Q: 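Just passing along the structure, written as structure tokens.
Note that ligands are numbered from 1 as they come in the structure, with each ligand's atoms numbered from 1 the same way. Keep in mind it's a predicted model, so treat the numbers as computed, not measured. The analysis underlying the following values was restricted to heavy atoms, covering all of them including side chains, and did not include hydrogens, waters or symmetry mates.
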Amino acid sequence: MWGGRFAAGPSAIMREINASIPFDKALWRQDIAASKAHVAMLGAQGIVAAEDVKAILDGLDRVAAEYEASGVPENWDLEDIHMTTESRLAELIGPAAGRLHTARSRNDQVATDFRLWVRDAIDQADAGLEALQKALVARAGEHADSIMPGFTHLQTAQPVTLGHHLMAYYEMAARDRSRFADARLRLNRCPLGSAALAGTGFPIDRFMTAQALGFDAPTANSLDAVSDRDFALDYLMAAAQCALHLSRLAEEFIIWASQPFGFAALPDSLSTGSSIMPQKKNPDAAELVRGHAGRVIGCLTALMVTMKGLPLAYSKDMQDDKPPVFEAAGLLALSIAAMTGMVAETTFRTERMRAAAELGYATATDLADWLVRQANIPFREAHHITGAAVKLAESRGVALDKLPLADLQAIDARIDERVYAALSVEASVAARASHGGTAPDEVRKRVAEARRALGLE
Ligand code: ARG
């Protein structure tokens, strides 16, 4: 394709290092679509004759049918998907194929193909996250009243509801979707027609190709358009943050499924056994989601480091943009699907969760709050009095609400029997009805809002 000025062919090493076909064949659908849009525009603008346009369009359909049926052939001499397709087109339709590359370059071609591919990946991530949100909302609705210990520092802090805990991940998924939507907005400009770097002297219509490919508009600067990979970085940043959220959710399930916790039984379908310990049921899927987040972050880092310091316009370094994006997209899709299944199918052991919430003096803050409200004691002093009560309960090995009134009154005479109503875990969660709080009624409100946002009611 470019041999005109060369006396000798490339060395074996050159052929191998140069070839991107082993991975960029994944762009074949986008490459065919962009070529069809381009040649239709060349025809409409009178740059290529109608019969050649028709031959090229039909030929591209035949190439696509071949790829669909038997895959994309990998010939390193043809370097990449663009030359592989054009060369096959030439074999099928003859010299007219040579007119397809008028007024374009592989630089604007690959930028266009890759944007189309990343746009699909964004749409796929969004659909996956929507399914995850639906699973979270369904389980949160079931468990708006189920009480579990809430943690800070992974130490029992205050009772919360399982529904509230699950809805926290709904919020993260909502922000992830908004980040992907935001990335899509900026991505959706068409580089096609920027040619190698400077634009073209042919009277092309860039608005026509942009529209045909579903872009909002053509890009505004040809140098930027062929060398910009922000859209891929935006995608990877959103993917990395999403993977990070999924890894946190995965970690919760891993902890909950451990025997000392016993808060959850993971679905068999997403667990594995041990080849030596017959009793084991391992949370491998969750662990791999936790692990995959590291790889997705690595993909983001890889592309950022590839792009840093590149001068305008295209440099061949940029061919390395695709593997990290393809890898991240595959890992992310799997991770979202695995966590959706985990959320939907895990059995929550609510009686164990409740029992754990009773331990660890989770309602100590409620005693302090009660002293503030009922006895008008400043919070700091109430905190101190409560500390003494916890110390006493601990020395006796009992829960706060099992301390006799006389003992509580010995610590502070302003305590009376009404305090017991505040010390149960039910009273504790019901009291936290501030906007966004853990009270079952608040959780139900938020679940209903989420269901509306998801079009479920
Ligand atoms: N395979 C190349 C890539 O992915 C296509 C662009 C090649 N452009 C060039 N000037 N060599 O980046």
Q: List for me each residue that meets side-chain contact (heavy atoms from CB on, under 4.5 Å) alongside Leu154, sequence neighbours excluded, and say none if there are none.
A: Phe151, Ile255

Q: So does Arg444 pair up with Asp145, basic N to acidic O under 4.0 Å?
A: yes

Q: Distance under 4.0 Å, heavy atoms only, partner ligand 1: which residues pass?
A: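 Correct list: Ser20, Asp24, Asp80, His82, Arg106, Asn107, Val110, Tyr314, Lys316, Gln319, Lys322.
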
Q: Please report, to 0.1 Å, the donor-acceptor pairs under 3.5 Å made by any side chain of residues 450-457, with sequence neighbours excluded.
A:
{"unit_1": "Arg451", "atom_1": "NE", "unit_2": "Glu457", "atom_2": "OE1", "d": "2.8"}

Q: Which value, rounded to the nearest 0.5 Å, describes the distance between Lys280 atom NZ and Ser275 atom OG?
A: 10.5 Å

Q: Taking distance alone, no hydrogens or angles, what donor-acceptor pairs closer than 3.5 Å link side-chain atoms of residues 340-347 to residues at least two apart or in another chain?
A:
{"unit_1": "Thr340", "atom_1": "OG1", "unit_2": "Ile336", "atom_2": "O", "d": "2.7"}
{"unit_1": "Glu345", "atom_1": "OE1", "unit_2": "Ser269", "atom_2": "OG", "d": "3.2"}
{"unit_1": "Thr346", "atom_1": "OG1", "unit_2": "Met342", "atom_2": "O", "d": "2.7"}

Q: Flag this pair as yes if the NZ/CZ of Arg119 is under 6.0 angstrom from the six-membered ring centre of Tyr235 and inside a 45 degree cone about the axis; otherwise no.
A: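 No, a cation-pi geometry is absent between Arg119 and Tyr235.
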
